[in-house]
Every structure is written in structure tokens, then in C-alpha cells.
Amino acid sequence: MHGLMQDWPLTVDKILDHARNWHGDREIVSRSVEGPIVRTTYAEVHGRAKRLSSALKTLGVKPGDRCATLAWNTARHIEAWYGIMGIGAVCHTLNPRLFAEQLCYIINHAEDRVIFTDLTFLPVLLEHRAKMPTVKHVVVLTDEAHMDPAAYPGALCYETLIAAASPECVWGDFDENTAAALCYTSGTTGNPKGVLYSHRSNFIHTLVTMGKDVMGISATDTVLPVVPMFHANAWGLAFSCSAVGAKLVMPGQKLDGQSVYELLESEAVTFSAAVPTVWQMLLGHMRENKLGLSTLKRVVIGGSAVPEALVRAFRDDYGVSVTHAWGMTETSPLGTLATPSGKTMHLDDEAQLRFTLKQGRPPVGIELKLVDDAGERLPHDGTTFGRLMVKGPFVVGEYFKGDGGDILDDEGFFDTGDVATIDEHGFMQITDRAKDVIKSGGEWISTIEIENLAVGHPKAALAAVIGAAHPKWDERPVLLVKLQPGVESSKEEFLSFLEGKIAKWWTPDDVVFVDDIPLGATGKIDKKLIRERMKGYVLPTAKAKETA
Ligand code: AMP
């Protein structure tokens with residue numbers, strides 16, 4: 001027997017309709033790519049997104065066509081998202097930090113028809129124009145005054161395009177399972193693969209992430225999504241802020257400590273979200289200039305593990321609460337958040353911190369399990385490591401165009417490629433990427449755990465751990481450290497700092513000081529590149545063994 005409630009397809013255009021109807025005058029403030037701070041409202045963004053939809057139809061865009069954005073976080077980028085998705089076309093976010101060859105690969109694979117771009121990216125698009133045959137139109141997210149016809153001959157001006165378009169355009173009115181957005185994985189192994197979100201999956205993700213134990217934002221919040229819209233959908237904030245009517249502050253292309261700080265203070269931001277490196281830059285700026293924070297209450301940090309020193313600094317020095325989150329492009333992206341549970345809420349601050357530093361618990365809609373290499377379930381005892389598997393209505397079912405084949409196990413779970421533990425309170429902790437974990441004498445060593453401890457050394461700016469070949473143990477850990485400017489240190493200093501904090505057999509066999517620890521396109525440590533750079537490296541313990 002079917003229920004008898006209304007059929008109201010869960011399409012994301014309804015989220016912006018709601019924002020226009022009930023929070024129409026709530027502000028969206030952007031640091032524009034052209035420079036000045038620009039102010040608009042949900043009502044204006046709604047009207048302009050409708051015009052954009054009309055313009056896209058005039059350009060011949062049909063439902064299912066892919067329209068890409070190569071853009072920073074601004075109100076225009078939000079208009080483009082809703083304008084594209086509202087008519088059943090697919091909004092494909094491109095990550096400008098990728099190499100040009102990867103961008104071309106992704107654009108061709110997606111068969112993008114239109115690219116919306118900021119002025120910043122015209123040179124790269126022009127240089128590779130001939131390699132993108134499916135792209136019929138490039139629309140520059142700017143006004144006529146900033147258009148330079150020589151920068152990309154034939155490009156259209158966004159403001160001119162929407163000014164000429166009709167404000168009347170029907171949104172939605174299609175199946176909620178219609179594709180809404182496309183985002184490619186960072187592609188650390190093989191070619192990037194496309195995750196094709198549906199309206200329904202985005203809508204459900206939005207509802208789930210609004211919960212207090214998840215993002216917990218409300219109409220009274222002012223939200224600064226530093227996390228880019230091209231990095232796993234800005235963790236859903238373009239939708240959830242519209243859904244609750246929060247004031248949005250969009251940082252444009254300037255994500256350095258000073259620029260982020262200026263916006264936090266000038267716009268009275270209460271909530272923000274970003275990867276750890278962004279927060280490290282902000283804290284560095286605040287310490288250097290002896291600055292405080294007046295309004296910020298809560299930050300969500302994810303994308304890579306949060307170092308303990310960062311949580312302590314926010315909590316103790318600035319009174320800001322940190323929520324550690326885990327997720328991936330394939331999970332829309334929020335998968336778990338380390339908010340207190342009924343079991344942990346009574347613990348004192350120090351005991352709570354142990355749980356805050358884990359990646360957290362799943363909200364309703366996310367199922368998790370840990371399995372061994374044979375696919376057998378492992379216990380949730382907080383110490384047994386296993387492959388983290390995930391299932392739910394906003395988790396990938398298959399990649400775009402079937403890349404990668406069948407990606408679900410017999411129970412319908414997706415293998416995240418992460419190795420994790422789950423404790424008796426249900427808190428999941430990532431111990432590594434399956435391909436980064438160090439296999440020493442048949443046991444696993446977590447590189448992330450050692451990195452997080454090492455980066456807490458006052459002289460460390462960044463730390464990375466990789467496995468190096470060892471004749472007896474297969475692999476042993478090497479710690480790479482980028483020091484703070486102008487300081488000196490030694491291997492012994494770092495090893496004694498780690499002593500007692502990790503199991504003895506986890507102690508790195510060597511510490512190498514480097515000038516640079518490379519970060520990938522989404523701000524994570526690029527271990528693949530580090531391994532390439534360390535190709536000729538031989539462990540001192542391996543050398544000793546060879547000569548023994
Ligand atoms: P992406 O799809 O680019 O967002 O990358 C997803 C991957 O980032 C995950 O599979 C994890 O390996 C890693 N990741 C995300 N959040 C965290 C976190 N809080 N701690 C450790 N690793 C994380």
C-alpha cells in the first residue's frame with residue numbers, strides 16, 4: 001500500500017524559491033573577482049538565476065546538457081548553479097587548481113557545452129581552446145566594463161547575457177532523480193571519475209546537513225564558506241544556507257589568512273568551513289598581528305585530518321568550537337561529523353577532545369561498516385583497522401559513464417579507499433588512505449596519526465609521513481618536516497617529541513627536513529608527488545641492514 005501524501009519532487013530549485021519567499025532580503029556578500037565587496041540578496045540572486053536559465057535555453061541548452069563552472073565562491077557562481085540546475089541541465093564544477101591536461105580531460109569526458117568562468121581563468125581556457133571541441137560557449141562571470149575581447153575572442157559577458165534574458169522561466173517540474181550536478185574526484189590514482197548527483201540526493205543531503213549535530217546552521221547565522229564550490233560542492237553550503245536563510249559571505253579568490261580574517265570581522269561571520277591549511281594560515285596571521293575574533297563561534301574542518309594543535313588554538317585562544325568532519329566527493333560530501341553524543345557530552349574538555357579529533361559519527365542517511373580485505377565485517381572496538389565502507393541516498397552508486405565498473409559490494413556499500421577504526425561510541429577515525437598506510441612486518445602504521453602529532457611540534461609548519469622500502473619489515477615510516485621559517489631542528493628533536501605519544505614500533509626510522517611539502521588541488525598533502533620526489537631515497541636503517 002502506498003502512502004497518500006503529496007508528490008513534491010525534491011528538486012533543488014525549490015530551495016532557492018524558499019530562500020526568495022521567506023528570506024528574500026537576507027544578504028549574500030561577495031569579495032568579487034574584480035576587487036570590490038559586492039552585496040546582493042536571495043531575492044535578487046533568485047531573479048538573476050531565472051534570467052540565466054532563460055539565457056541558457058536561448059543558447060540551446062537542453063535538459064541533461066552539462067554546463068561547467070570554473071569559478072571562485074561568489075554570488076554569481078551561486079546564480080549559475082541554480083540557473084543551470086533549475087532547468088534540468090547539469091552543473092559541472094571544475095577545479096581550477098588541476099593541471100590544464102586534467103581540466104581538458106574532464107571537460108571532454110563530461111562533454112561540457114558551456115563554461116562559466118571567472119576572468120582569472122580566461123588565459124588557461126584560451127590556451128587550450130582547441131582541445132575542448134564540445135564547448136560551444138564561454139560565459140565570463142563579469143560585467144561589460146571588465147570584458148576584454150582579446151582575452152577570449154567570442155566569449156559572452158554574463159551581465160549582458162542575463163540583462164537581455166526573460167525573468168520568466170519554469171524551474172523544476174521534472175523527476176527528482178534527474179541529474180543536477182557533476183563533480184570529478186581528485187584522481188590521485190588513474191583518471192578522475194565523475195560523481196553525478198541527482199536533485200534528490202542534493203536535497204536529502206541538504207536536509208541532513210542542516211541538523212544540529214551536523215552543520216547546525218540557522219537563519220541567524222552568517223556563514224563564510226571558504227571551502228570552494230568546486231571542492232565537493234562547498235560541503236553543501238550553497239544549498240543549506242539558502243535552505244535556512246543564513247547570510248552568506250563568499251570569499252572570491254582570496255583565501256589567505258589576512259583576507260579571510262578581514263571578512264570574518266567586517267561581516268560578523270559566526271560559522272565557517274574550510275580545510276586545515278586555510279585555518280593554519282588564518283591562525284598564523286592572527287598570531288603575527290595579535291588579532292582576536294569577535295563573532296566567530298564555530299568552524300567545520302575537514303578534507304584532511306585536523307591537527308590537535310589547531311583545535312586547541314581555536315578553543316583555548318579564540319573561544320571557537322571546532323567540528324571535525326569527514327567526507328568525500330562520492331558522499332556529497334558529508335559522511336561523518338565529530339559532534340558530541342549522549343555518551344561523550346558529559347566528559348570534561350580534555351576527554352571530549354579525544355573524540356573531537358576523530359572524524360566522527362554518521363548522521364541519519366549514512367550507513368558505515370568496516371571490513372577486512374576479504375570483505376568480512378570487523379568489530380567497532382576503536383582499535384581494529386579496516387576498510388571504511390559507506391551506503392546511503394547521497395552516496396555514489398556508479399561513476400559517470402560507468403567508469404570504474406561496479407563499485408558497490410554485495411550489500412550495496414561503496415569502498416571509500418580510507419582505512420579507519422570505529423569506537424564503542426560510534427566515532428569513526430580515519431587512520432589512512434588504503435594506498436598510503438604503511439605495512440610494516442604485516443601490521444599497519446597510520447601515517448595520518450604520526451603527521452598530526454609531528455605538526456604539533458612548535459617548529460613544524462607541515463609534516464608528512466610515507467613508507468620507505470625496508471628489507472626486513474617491507475616498509476618503515478619516514479617523517480618529512482617543513483620547518484617554520486628561520487628555525488633549525490634535528491632528527492633527534494622530532495623523534496623525542498613523538499616518544500611516548502605513539503607505539504614504539506611506529507617511530508619513524510628517519511626524519512628528513514624539506515623546503516616544500518606539496519599540496520594537491522584540494523589542499524591535501526600530495527603523497528604521490530612526495531613519493532616521486534623521494535624515489536632514490538634509502539632508509540638509513542635499510543642501508544645499515546645492507547652493509548651488515
Ligand atoms: P575529496 O573527494 O577530494 O574530498 O577527498 C576525499 C578524501 O579526503 C577522503 O576519502 C579522505 O581520504 C580524505 N578526508 C576527507 N576528510 C578527512 C578528514 N577529516 N580526515 C582525514 N581524511 C579526510
Side-chain angles (χ1 to χ4, degrees), residues 93-95 97-98 102 106 181-190 192-197 205 214-215 225 227-237 273-279 299-308 310-311 322-339 355-362 366 368 370 385 387-390 394-396 399 404 407 413-422 427-437 446-453 455 463-465 519-528:
T93 43
L94 290 166
N95 183 342
R97 296 184 185 131
L98 292 173
Q102 269 179 320
I106 290 174
L182 178 63
C183 183
Y184 281 70
T185 58
S186 6
T188 38
T189 47
K193 296 191 242 345
V195 179
L196 189 62
Y197 309 100
H205 182 263
V214 191
M215 291 291 209
V227 54
M229 292 165 75
F230 55 75
H231 180 200
N233 310 315
W235 305 348
L237 287 166
V275 294
T277 41
V278 164
W279 299 122
V299 290
V300 173
I301 310 184
S304 50
V306 178
E308 180 170 339
L310 194 59
V311 183
V322 168
T323 301
H324 186 190
W326 167 88
M328 55 198 312
T329 307
E330 285 90 336
T331 60
S332 293
L334 290 178
T336 61
L337 291 98
T339 42
F355 292 94
T356 307
L357 291 172
K358 297 191 176 197
Q359 277 71 12
R361 6 179 229 105
I366 288 280
L368 295 181
L370 287 183
F385 296 15
R387 287 177 165 274
L388 179 67
M389 311 287 290
V390 59
F394 45 92
V395 177
V396 66
Y399 288 113
I407 53 171
F413 280 79
F414 168 73
D415 185 343
T416 62
D418 286 323
V419 175
T421 58
I422 299 179
F427 281 69
M428 184 274 286
Q429 181 164 28
I430 301 279
T431 51
D432 240 316
R433 288 295 289 168
K435 59 186 184 312
D436 293 337
V437 71
S446 158
T447 61
I448 293 186
E449 206 168 321
I450 308 175
E451 282 162 9
N452 283 346
L453 288 166
V455 86
V465 174
L519 300 179
T522 48
K524 292 177 228 254
I525 293 173
D526 187 344
K527 296 240 174 129
K528 197 169 143 199

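Read the numbers this way: they start at 1 and go in the same order the structure lists the ligands and their atoms. No experiment lies behind these values; they were computed from the predicted model shown. For the numbers below, each heavy atom of this structure counts, side chains included, while hydrogens, waters and symmetry mates do not.
Of the protein's non-hydrogen atoms, S304 CA, 3.8 Å is the one closest to atom 22 (N) of ligand 1. Of the protein's non-hydrogen atoms, S186 OG, 3.1 Å is the one closest to atom 3 (O) of ligand 1. Scanning all protein heavy atoms for the shortest distance to atom 8 (O) of ligand 1 gives K524 NZ, 2.9 Å. Considering only non-hydrogen protein atoms, atom 2 (O) of ligand 1 sits nearest to T329 OG1, 2.7 Å. Given atom 16 (N) of ligand 1, the protein heavy atom at minimum distance is G303 N, 3.1 Å.
Taking distance alone, with nitrogen or oxygen atoms compared against 3.5 Å, E330 stays at or beyond that limit from ligand 1.
Between T336, I448, D418, it is D418 that holds the heavy atom closest to atom 11 (C) of ligand 1. The heavy atom nearest to atom 19 (N) of ligand 1, considering only G360, A325, G302, is found in A325.
L182 places none of its side-chain heavy atoms less than 4.5 Å from the side chain of Y197. Residues W326 and K358 form no side-chain contact, since every pair of their non-hydrogen atoms from C-beta on lies 4.5 Å or further apart. Taking the side chain as every heavy atom from C-beta outward, V419 and I430 never approach each other to under 4.5 Å. Looking only at side-chain heavy atoms (C-beta outward), P333 and H205 come within less than 4.5 Å of each other. A heavy-atom distance below 4.5 Å is found between the side chains of T447 and K527.
Heavy-atom separations between G417 and ligand 1 are all 4.0 Å or longer.
Atoms of ligand 1 found under 4.0 Å from any heavy atom of Q359, numbered from 1 in the order shown, are 18 (C), 19 (N), 20 (N), 21 (C).
Proximity of M328 to ligand 1, defined as any heavy-atom pair under 4.0 Å, is shared by backbone and side chain alike. In A305, the parts holding a heavy atom less than 4.0 Å from any atom of ligand 1 are both the side chain and the backbone.
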